[in-house]
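The chains referred to below are lettered A, B, ... by the order of the sequence lines, with proteins before strands, and numbering in each begins at 1.
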Amino acid sequence: MSKAIEITNLTHKYTQSGAQEVVAVSDVNLSIEKGESIGIIGHTGSGKSTLISHFNGLLKPTSGDVVVDGTNIWADKETLRNARFKVGLCFQYPEYQLFEETVYKDIAFGPKNMKLSPEEIDERVLRAAEFTGISKSMLEKSPFELSGGEKRRAAIAGVIAMNPEVIVLDEPAAGLDPAGRKSLIDMIKAYRDSTGSTVIMVTHNMEDIARIAERLIVINRGKIALDGTVDEVFSRSDDLVQWGLKVPEITEVFTRLHNMGCNVPRGVYTVDEGVKILSRVMRGGAGLG
Amino acid sequence: MENKLIEIKNAYYFYDPEEEGKEPEPALKNVSLDIYEGEFVAVLGHNGSGKSTLAKLCNAVFEPARGTVTVDGIPSDSEENGDLIRRKVGMVFQNPDNQIVATIVEDDVAFGPENLGVDPAEIRKRVDSALKSVNMYEYRERQPHNLSGGQKQRVAIAGVIAMQTKCIVLDEPTAMLDPMGRDEVMDTIHKLNKEMGITVVLITHFMDEAVKADRVVIMDKGEIITTGTPREVFSKVDFLREHKLDVPQSTELCNALGIKGCVLDTDECVEVLGRILGGAV
Amino acid sequence: MVKDITFGQYYASKSVLHRLDPRIKLVLCLLMIVFLFVCRSFPALALMVVFTLVAVGFSSVHVKMIAKSIKPVAVILIFTAILNIFYTKGKYENGDSLVFTVLGRFEVWDKGLYTALFTMLRIISLVIISSLLTYTTTPTMLTDGLEKLLSPLKKLHIRVDTLAMMMTLALRFIPTLIEETDRIISAQKSRGADLDSGGLVKRAKALIPVFIPLMVSAFRRAYELAFAMTCRCYTGGDGRTRMKQMKIAPRDIICLVICLLVCGGVIALNIFFKKVI
């Protein structure tokens, strides 16, 4: 079976105002299997946004190849167009791309560009709206009447409606309040569980990524600094700090407890997991304070 | 901490105009809050809870529909008084791009004092010292659009410092920043409060930013539902959840384990758990 | 991408040109552009070209930046050159002109060649001089300078300070909105929007998904900005002071004298040498 995305020796350079040449991505090799759930982390300016813009051919590599679902996307105009639909890219603050008169029409923009039949478009819009919790009455409203969180969902629905094999989300929860953040991550999780699509999420928020990703890729200075399971990556908290990143708070607590000689494991990434482990340890050992 | 700087009494605020006989949904409902000189107050609430509206009452850009707002003895009931109040209470917003006016960092910091009619030589002094206090002095001749989000926010803060206001109200200043930017801005805000004695009102939905405040005010549906020290407020984990708020992971963990007292950050959490588990503290 | 636009960009440095008073710089820039058009003979133009190159030298702006500023007018340059080469016919007054070659229906006269060369040099110098102004003057200084120069208009009840503020804000938001445009284009392309093919009508229509979000965002920004300005005690300009005061220094006088000498030279060379245009 072909890989979802396969990138070989990707380098991207551009010239900044003035005459400086900037290497945003340098010799990256990356292979993403179908159905994987991946987190891409890196501080601002690490090159992660440049990297993901190559996944659907928005940016052309200075050198190297991008192969999506077995075809080189830069082979011709047709393969490039297909890449846009196979890899759904959802940018940071996607609500700023909304433009249609109604939410329905806006979600239908992608499918329409795919030249699908009206029935098929209708089906996709309704399905995408269901995934993202957009109600029937909201579909008929103007996108500019929605609340911030609803706009965000509508915009993500616009990408989901293209039925992409891979969905790439850049900071999908940025700027939302804790409740909005949690329900958005839950939504992405549910989407992935029911469709089996490949999900790639770019974020600074380690708590969010710990809830959703199985594999983490750390980008630093335009290169892949680390690529491994969540355990492998979060176990190197010292390196992460050096790259301008953190581990989830709960992971830090457990790592420190472990290092103090307490009988707890290091690799704990969610509060629920932590509570389970600690209540077991505490019941077996010393009583509560 | 004796002097009341901002006094909000039974304030109501409506965004929608009043219809015949029917009162629209208020954005603020009977809100009373005193803010003392030198205090660091964090106002928490989910989106749409009314916290940003409250912020805008503090510097008189909004006038309450009912009730009163008094800042340093001046009631916010006229436009002239509003101008006077804004000389005492500065404000920083969420989106750093939409509050920077000038094309050069130092010119932007000078904008406030220029509006106040301060003497040019004095403005120069204020601008330099404001930029130094937010660690942006080396960037004084840069163009704002080439700065990071955290740097832009610090420039915006310097712009308020240069006006020498008594109080600074920050409306979700870190919501659009990455973790590094957030740390930079939070450090700056604390420095402002501790070292320069500026009163701080921080509007946020990040719990960990409220942990170090003197006082926490929680809002929901346009009302203040509880206030207290961070320890008092964060011990009510379930109550906060009901109001769509979250607590820091350390607090949540210790609360779920039934540990008495309230843990606020990782250090405290490790200490408490370490003691219980018998690790070498 | 839209990002490549260099107009209005400032090039940070501490050169002599950077330190000149913006009012003087504005006036001199205008004067020299006028004198580019006063030039009639090659020696006069040569003087202006030398002046321009010396100014570039004193500005410490990177040569690549200068080249970049000429790039956008390359099409105009080629177009005017072609027009001049093929369509300028006839003799000089003293009669010594000749047909170079005949290309089918077109005759190429030496007068055409000279005119083409002359116009190209003129346009290039013009672009360089005006971009030197924006490269060496911060937009704030530029608008402040303009405000001071236009201040006599205040007597006619024209709000010069408000106009200057509007200009500053426009300059401040150009880069922000350019970035925003790039972002929206990327987002719509990711949803399969096809912006680069089809006829004029189709292309114009395809821009709607870019244009509407851009407008919405520009209005939102304007609203927030107005709010932020109120919070910073901006009440419309009365009673405002300025941090940066403008003062005429000896170097400004020296520059003024040099420029006047060059202008005098241009007039003299126009009289003594053969007119090309």
TODO: Begin with the C-alpha distance, continue with both residues' side-chain angles, and end with the deciding distance and a verdict on side chain to side chain contact (heavy atoms under 4.5 Å, CB included) for C:Ser190 and A:Leu58.
DONE: CA-CA 7 Å; C:Ser190 296; A:Leu58 272 181; 3.3 Å; yes
Smallest heavy-atom separation, C:Pro213 atom then A:Leu98 atom, equals CG-O, 3.7 Å
Listed by number, the residues in residues 73-93 of chain A that come under 4.5 Å of chain C (heavy atom to heavy atom) are A:Lys77, A:Arg81, A:Arg84, A:Phe85, A:Leu89, A:Phe91
For C:Arg191 and A:Asp106 the tightest heavy-atom approach is NH1-O, 2.8 Å
Q.
For C:Arg23, is the CZ atom crowded, meaning more than 12 foreign heavy atoms sit under 6.0 Å from it?
A. yes
State whether the number of non-hydrogen atoms from other residues, nucleotides or ligands found under 6.0 Å of A:Glu120 atom CD is greater than 12.
yes
If one checks every heavy atom of A:Met162 against chain C at 4.5 Å, the contacting part turns out to be side chain
Crowded around C:Met166 CE? As in, over 12 foreign heavy atoms under 6.0 Å? no
Looking only at heavy atoms, the pair that brings A:Phe144 and C:Ile212 closest together is CZ-CG2, 4.4 Å
Can you establish whether the number of heavy atoms outside C:Phe227 located under 6.0 Å from its atom CZ is more than 12? yes
| field | Side chain C:Gln188, main chain A:Gln97, donor-acceptor under 3.5 Å | value | yes
Checked C:Ala193, C:Ser217, C:Pro209, C:Ala187 vs chain A; the most non-hydrogen pairs under 4.5 Å come from C:Pro209
